[in-house]
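Keep in mind it's a predicted model, so treat the numbers as computed, not measured. As a basis for the values below, the full set of heavy atoms in this structure was taken, side chains included, without hydrogen atoms, waters or symmetry mates.
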Amino acid sequence: MVDAASCVVVAQPQKRMQPLPDLGSLSALSDLKISDTFLSGILPPELGSLSGLAAMDLHNNRLHGSIPPELGSVAKLSVLSLANNKISG
């Protein structure tokens, strides 16, 4: 069993990533770091379910679209890095 409270998701640049787990089920996750990985797509609204999330670093990827409004409900989120993506909002 993985202790989601101390789990940090890290991927290495230019390596093929495996599918991410259902992020909405990781409510105790405190730090999410997936930077410099060529991650593409939109930010899923399920990120708003991560009530324990304090830091999210997704810089230097290929994300696009807008920041989902659900992310605003994550009260503990104090660090958010989305630099060098095509994110709006």
Colleague: Which heavy-atom pair separates Pro68 from Pro45 by the least distance, and what is that distance?
Modeller: CB-CA, 4.0 Å

Colleague: Measure from the side-chain N and O atoms of Ser88 to the backbone N and O of Gly65, and report whether any donor-acceptor pair falls under 3.5 Å.
Modeller: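 Yes; judged by distance alone, with no hydrogens or angles, the pair exists.
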
Colleague: State the CG-CG distance between Leu58 and Leu43, to the nearest 0.5 angstrom.
Modeller: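 It comes to 6.5 Å.
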
Colleague: For Leu39 and Arg62, what are the C-alpha separation, side-chain angles and deciding distance, and is it a side chain to side chain contact (heavy atoms under 4.5 Å, CB included)?
Modeller: CA-CA 6 Å; Leu39 184 66; Arg62 296 179 180 166; over 6 Å; no

Colleague: Contact between Ile67 and Ile87 at the side-chain level, heavy atoms closer than 4.5 Å - yes or no?
Modeller: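 Yes, close enough: below the 4.5 Å cut-off.
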
Colleague: To the nearest 0.5 Å, tell me how far Ser49 OG sits from Leu29 CG.
Modeller: 12.0 Å

Colleague: Looking only at heavy atoms, which two atoms of Met56 and Leu71 are closest? And how far apart?
Modeller: CE-CD2, 3.8 Å

Colleague: With distance as the sole test, does Asp36 use its side chain to make a donor-acceptor pair with the main-chain N or O of Phe38 at under 3.5 Å?
Modeller: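 Pair absent, no side-chain N/O of Asp36 close to backbone of Phe38.
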
Colleague: Suppose the criterion is side-chain hydrogen bond (donor to acceptor under 3.5 Å, both in side chains): which pairs have a residue in residues 64-78, not counting sequence neighbours?
Modeller: none

Colleague: State which residues pass side chain to side chain donor-acceptor pair (under 3.5 Å) with Asn61; sequence neighbours excluded, sorted by chain then number.
Modeller: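 Checked Asn61 against side chain to side chain donor-acceptor pair (under 3.5 Å); matches are Thr37.
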
Colleague: To the nearest 0.5 Å, how far apart are CG in Leu47 and CG in Leu32?
Modeller: 7.0 Å

Colleague: Could you grab the distance from atom CG of Leu50 to atom OG of Ser25, nearest 0.5 Å is fine?
Modeller: 8.5 Å

Colleague: Kindly compute the distance separating CG (Asn60) from OG (Ser35), expressed to the nearest 0.5 Å.
Modeller: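 Between atom CG of Asn60 and atom OG of Ser35 there are 7.0 Å.
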
Colleague: Checking the side chain of Asn85 only, and the main-chain atoms of Leu63 only, is there a donor and an acceptor separated by less than 3.5 Å?
Modeller: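 Checking the backbone N and O of Leu63 against the side chain of Asn85, a donor-acceptor pair under 3.5 Å is found.
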
